[in-house]
Amino acid sequence: MDIFPKALLDGYRTFREQRLPTEQSRYRDLSVRGQAPETMVIGCCDSRVSPEVIFDAGPGELFVVRNVANLVPPFETGGTYHGVSAALEFGVAALKVKHIVVLGHAQCGGIRAFIDKIQPLSPGDFIGKWMAMFIKPGEVVEQRDRESMQDFTTRIEKAAVFRSLENLMTFPFVRARVEGGEMILHGAYFGVAEGSLFVLDPATKEFRNVRKSGGE
Ligand SMILES: [Zn+2]
């Protein structure tokens, strides 16, 4: 155990002493009945943007898939390794979640890498290839006149949420449940510094601050 990170062992002890006693019955119940989360969250790997923390969720409440820049690739059956598609298939077709939330966030490193067109971090250029799906053929993503770098970055971070929502609808099993009124897709954006949450208003296509719009 010497090489296992001490912070994690300490964290687990705190969990076992403080959280587990209050949630033991819930864990036992979930282990017998299985999970039945109503919400799936597609978030970023970013360590500051943990869906369970932001939504104060307990065990069994959120079905989460995280990847660089909270992206959902377009539906396609070629290729071999479809991590997001497999999670979607299970969350939607097996667990039958009622909501999917795409959670974008401020200061996203994946988006930043995309904007800055960074050099590959390794010969595989996995981030570059992953982020490339973000743009459609012929689409140009660039800073507008008089748009600050900050505003540009925020705009693209939010565009990633829109793109993921759009791509979600390319999955036949997602589209069927959405059109059948059995599942709703949502967009959200987390402001890291303030801990603020913005939720996408489907009518105006704008992100609204949850606190300001009285949606608490
Ligand atoms: Zn991110």
Side-chain angles (χ1 to χ4, degrees), residues 7-8 37 39-57 61-75 81-88 91 97 99-122 124-136 139-144 147-171 174 185-201 205-211:
L8 297 189
T39 302
M40 176 168 182
V41 178
I42 295 161
C44 182
C45 296
D46 195 301
S47 59
R48 301 163 296 182
V49 191
S50 170
E52 293 86 347
V53 173
I54 294 168
F55 298 115
D56 192 28
E61 290 181 357
L62 296 179
F63 186 70
V64 178
V65 58
R66 295 173 73 169
N67 62 49
V68 171
N70 39 267
L71 293 178
V72 175
F75 174 76
Y81 306 116
H82 293 285
V84 178
S85 308
L88 264 177
V97 295
H99 303 270
I100 298 180
V101 176
V102 177
L103 178 63
H105 73 99
Q107 287 107 41
C108 183
I111 297 294
R112 191 74 213 193
F114 172 73
I115 286 174
D116 291 346
K117 301 183 179 66
I118 59 156
Q119 290 299 309
L121 298 179
S122 81
D125 189 21
F126 294 107
I127 294 177
K129 286 175 190 160
W130 174 249
M131 294 304 298
M133 83 159 94
F134 180 62
I135 41 172
K136 291 177 176 172
E139 197 174 48
V140 180
V141 178
E142 56 188 26
Q143 204 168 348
R144 292 171 179 157
E147 185 179 41
S148 70
M149 193 46 156
Q150 165 93 50
D151 287 349
F152 174 48
T153 306
T154 302
R155 179 164 65 83
I156 302 308
E157 284 162 353
K158 289 178 177 173
V161 177
F162 283 111
R163 180 54 44 85
S164 289
L165 289 169
E166 196 181 320
N167 285 347
L168 274 172
M169 289 297 275
T170 65
F171 286 76
V174 170
L185 307 184
H186 310 269
Y189 181 85
F190 182 68
V192 174
E194 309 295 329
S196 48
L197 183 72
F198 300 80
V199 169
L200 183 61
D201 181 338
K205 303 273 184 224
E206 285 179 4
F207 285 85
R208 288 199 184 167
N209 191 320
V210 168
R211 198 180 294 174

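For ligands, and for the atoms within them, numbers begin at 1 and follow the listed sequence. This structure is a prediction, so every number in the text was calculated from the model and none was measured.
- Within the structure, salt bridge (Lys or Arg N to Asp or Glu O under 4.0 Å) pairs that include any residue of residues 99-122 comprise R112-D116 (at least two apart or interchain).
- Under the 4.5 Å side-chain criterion, counting only non-hydrogen atoms from C-beta, I100 is not in contact with F63.
- Here R211 does not pair with E194 in a salt bridge; the nearest charged N to carboxylate O distance is not below 4.0 Å.
- No side-chain heavy atom of H186 sits less than 4.5 Å from a side-chain heavy atom of T39.
- Neighbouring protein atoms of the Zn ion (ligand 1) (N, O or S, distance under 2.8 Å, waters ignored): C44 SG, H105 NE2, C108 SG.
- No side-chain heavy atom of L62 sits less than 4.5 Å from a side-chain heavy atom of V101.
- Screening F190, F198, F162 against F207 for a ring-ring contact (aromatic ring centres under 6.0 Å, His included) leaves a single residue, F162.
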